[in-house]
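Reminder, nothing fancy here: chain letters follow the sequence lines and each chain counts from 1. Computed from a predicted structure; not experimentally measured.
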Amino acid sequence: MVRLVARTAAGGALPQTIGGLTLAEHLPEAITAVMPFDGQEGAVSDDMGMPFPAPGRTSEADGALAIWAGRHLALVLGAPPRSSHGAISDQSDAWAVFDLTGPGGAEALARLCPVDTRAAQFPPGHTARSLLGHVHASITRLKDDRLRIMVPRSMAHTAIHDLTRAMGHALRSQSAG
Amino acid sequence: MRLTCPLCGERDLREFSYTGDAVLCERPAPEAGPEAWDAYLHLRENPAGVARDLWHHGAGCSAWLVVTRDTVTHAVIAVALADAP
């Protein structure tokens, strides 16, 4: 019988540390898209055991993280929620998830993303759908020194290339300054 | 140019796509007749002044937006969700 080997989206290209910044792959238990039916956000929140996240925000419960990911859409990282009040789909293999950890992550991201992700504007619990280079991405601040970046899995290596280059550029301009 | 998405806040133009006059939101009834459908499909105003256009926030929250702007001054007057009442 053929034995298949599961490979992650980064496929061994991560972690990489450049200066004080580390880019690592994050592997949640599952990624589930939750899209409440019209007017059912309250009922979906009850089923999820946490509030359906407001635009640009996250919510958390029991180790699961719900990231707002667009109009009427949240992605739950962790145990898959169940609800009959919304459309729920498993997207675990559809996304590549990276954590950018260390001081100055926003300065590296500023080279790729048109949104200001510095902690003063974008504190922990804030999230944005925007661009990472030319790739559609979800960017979330988890902690003061940790940003979570999600891109479609097919774009994983493009995003790793762009992010590691931006980390290098941020390091060089830091040491030049 | 920057647009203030009602969900995402102020964002750069590169996140949006222009998709035509907001008259597309006012679809005639199926039996409205060929003249109404011809006007809906093909006839457009070309105002020097206030215009309402549809934009898609494709690289953001995927919402469809109605942007009211002034074609003379380029001022953006209002941005609303296309299905807002």
Side-chain angles (χ1 to χ4, degrees), chain A residues 33-39 41 52-58 66-75 87 89 91 94-95 109-118 120-123 125-141 149-152 154-155 158-159 162, chain B residues 1-32 40-41 44 50-71 73-85:
Chain A
V34 178
M35 288 156 281
F37 297 138
D38 210 12
E41 289 193 3
F52 187 83
R57 297 292 184 275
T58 61
I67 297 175
W68 179 84
R71 191 152 195 226
H72 304 312
L73 170 65
L75 296 173
S89 68
Q91 298 193 357
W95 295 88
L109 265 188
R111 287 157 167 80
L112 296 170
C113 174
V115 173
D116 184 355
T117 57
R118 290 175 296 179
Q121 297 289 327
F122 194 73
H126 282 225
T127 187
R129 283 306 299 263
S130 188
L131 292 167
L132 186 80
H134 69 270
V135 180
H136 290 209
S138 158
I139 297 165
T140 305
R141 183 174 290 282
I149 299 156
M150 299 176 61
V151 296
S154 60
M155 289 290 142
T158 303
D162 286 348
Chain B
M1 180 171 165
R2 293 167 79 83
L3 292 173
T4 303
C5 171
L7 298 176
C8 300
E10 193 182 9
R11 292 295 180 91
D12 190 87
L13 179 63
R14 80 189 89 159
E15 295 190 4
F16 299 90
S17 305
Y18 173 79
T19 56
D21 193 305
V23 74
L24 287 167
C25 295
E26 291 143 30
R27 189 183 174 90
E31 66 282 2
Y40 173 71
L41 289 171
R44 293 291 179 268
V50 175
R52 291 173 75 247
D53 295 317
L54 274 179
W55 291 72
H56 183 227
H57 195 188
C61 60
S62 341
W64 287 82
L65 307 171
V66 174
V67 176
T68 308
R69 67 192 176 93
D70 191 314
T71 58
T73 63
H74 301 302
V76 175
I77 298 159
V79 184
L81 294 171
D83 61 355

Practice task
Sequence neighbours left out, what passes side-chain contact (heavy atoms from CB on, under 4.5 Å) with A66(A)? Give chain and number order.
Solution key: M48(A), M50(A), P53(A), S59(A), V76(A)
Handout entry: Those residues that, when tested against E26(B), pass side-chain contact (heavy atoms from CB on, under 4.5 Å) (two or more places apart)
Key =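 Listed in chain order: V23(B), R52(B).
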Practice task
With a 4.5 Å cut-off on heavy-atom pairs, point out which of G70(A), A69(A), A137(A) contacts chain B the most.
Solution key: G70(A)
Exercise for the section: Please check if atom CZ in R44(B) has more than 12 non-hydrogen atoms from other residues, nucleotides or ligands closer than 6.0 Å. Expected result: yes
Could you list every donor-acceptor pair linking chain B to chain A (distance under 3.5 Å, backbone and side chains)?
unit_1	atom_1	unit_2	atom_2	d
R11(B)	NH1	R129(A)	O	2.7
E15(B)	OE2	S130(A)	OG	2.5
G58(B)	O	H136(A)	ND1	3.4
C61(B)	O	R71(A)	N	2.9
D83(B)	OD1	R71(A)	NH1	3.1
D83(B)	OD1	R71(A)	NH2	3.3
D83(B)	OD2	R71(A)	NH1	3.2

Practice task
Could I get the full list of ring-ring contact (aromatic ring centres under 6.0 Å, His included) partners for F37(A), not counting sequence neighbours?
Solution key: none
